[in-house]
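Sequence lines set the chain letters: A, B, ... in the order given, protein chains first and strands last, and positions in each chain run from 1. What you are looking at is a predicted structure, and each value in this text was computed from that prediction instead of being measured.
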Protein chains: 2
Amino acid sequence: MKNRLKVLRAERDWSQQDLAERLEVSRQSVNAIETGKYDPSLPLAFRIAELFGQPIEAIFLRD
Amino acid sequence: MKNRLKVLRAERDWSQQDLAERLEVSRQSVNAIETGKYDPSLPLAFRIAELFGQPIEAIFLRD
DNA sequence: TCAATATGTAAAGCTTACTAGACATGCGAA
DNA sequence: TTCGCATGTCTAGTAAGCTTTACATATTGA
């Protein structure tokens, strides 16, 4: 799965650390998801979607 | 997270086994997700949403 | 130039998602 | 009654998500 986290973060001028704090996960998790090391769990995907005010499908894309 | 799998399955008259085969997961996984033992991974949630033709948010609900 | 911030990465460890195999129960059909 | 199917559950194992700690590099600002 691909995702638009980096762009969404850039639009808000948030660092990975900023995003991690808002999501209540580690910075390494944000980095790993962004760099495609692994996919977030479903609960985390919901938190991400809620934070950015978009449907999960608009942020995460099947590849 | 709660989910509407049981209802969606019932609407189509599918057994847990039927659903498992269409999702290419084990029957135990379908059962565990339905009975709330754990949440599906994000990729599996996407497959479920695609199979039922609904957004993830319409099938899985935060509790 | 030095310090702080941002990003990427790695190891070790814990928790969660998923598997196969097995067993129990209930139920409708032959 | 007996058979087969559907569901729930359990165990043991593997894989994936996530944490903390740590280190390396690049960039920016005082």
When you measure from the side chain of [X], which nucleotide among [options] comes out closest?
{"X": "I33(A)", "options": "dT7(D), dC18(D), dT9(C)", "answer": "dC18(D)"}
{"X": "R27(A)", "options": "dA17(C), dG17(D), dG8(C)", "answer": "dG8(C)"}
{"X": "V25(A)", "options": "dT7(C), dC18(D), dA17(C)", "answer": "dC18(D)"}
{"X": "D39(A)", "options": "dT19(D), dG17(D), dT9(D)", "answer": "dG17(D)"}
{"X": "K6(B)", "options": "dC18(C), dG8(D), dT9(C)", "answer": "dG8(D)"}

Round to the nearest Å and state the distance from [X] atom [atom1] to [N] atom [atom2].
{"X": "E34(B)", "N": "dT9(D)", "atom1": "CD", "atom2": "P", "value": "12 Å"}
{"X": "Y38(B)", "N": "dA15(D)", "atom1": "OH", "atom2": "P", "value": "16 Å"}
{"X": "L5(A)", "N": "dG17(D)", "atom1": "CG", "atom2": "P", "value": "14 Å"}
{"X": "F46(B)", "N": "dA17(C)", "atom1": "CZ", "atom2": "C1'", "value": "17 Å"}
{"X": "Q16(B)", "N": "dC18(C)", "atom1": "CD", "atom2": "C1'", "value": "15 Å"}
{"X": "D18(A)", "N": "dT7(C)", "atom1": "CG", "atom2": "C1'", "value": "13 Å"}
{"X": "L19(B)", "N": "dT7(D)", "atom1": "CG", "atom2": "P", "value": "10 Å"}
{"X": "L23(B)", "N": "dA17(C)", "atom1": "CG", "atom2": "P", "value": "16 Å"}

Can you name the nearest heavy-atom pair linking [X] to [Y], along with the distance?
{"X": "I59(B)", "Y": "L5(B)", "answer": "CG2-CD2, 4.3 Å"}
{"X": "L42(A)", "Y": "A45(B)", "answer": "CD1-CB, 3.8 Å"}
{"X": "I56(B)", "Y": "E57(A)", "answer": "N-OE2, 2.8 Å"}
{"X": "A49(B)", "Y": "P55(B)", "answer": "CB-C, 4.2 Å"}

Look at the side-chain N and O atoms of [X] and state whether any lies under 4.0 Å from the OP1 or OP2 oxygen of [N].
{"X": "S26(B)", "N": "dT19(C)", "value": "yes"}
{"X": "S29(A)", "N": "dT19(D)", "value": "yes"}
{"X": "K37(B)", "N": "dT9(D)", "value": "yes"}
{"X": "Q28(B)", "N": "dA20(C)", "value": "no"}
{"X": "S41(B)", "N": "dC18(C)", "value": "yes"}
{"X": "N31(A)", "N": "dT7(C)", "value": "no"}

Answer with base, sugar-phosphate or nothing: what part of the nucleic acid does S15(A) contact at a heavy-atom distance below 4.0 Å?
sugar-phosphate
For N3(B) and I33(B), indicate whether the former's side chain and the latter's backbone hold a donor-acceptor pair under 3.5 Å.
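Yes.
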Nearest-nucleotide comparison on DNA chain C, the residue closer to the 5′ end among W14(A) and V30(B)
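Whichever sits nearer the 5' end wins; that is W14(A).
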Whether E34(B) and R9(B) form a salt bridge (side-chain N of Lys/Arg under 4.0 Å from carboxylate O of Asp/Glu) is what I want to check.
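Salt bridge present between R9(B) and E34(B).
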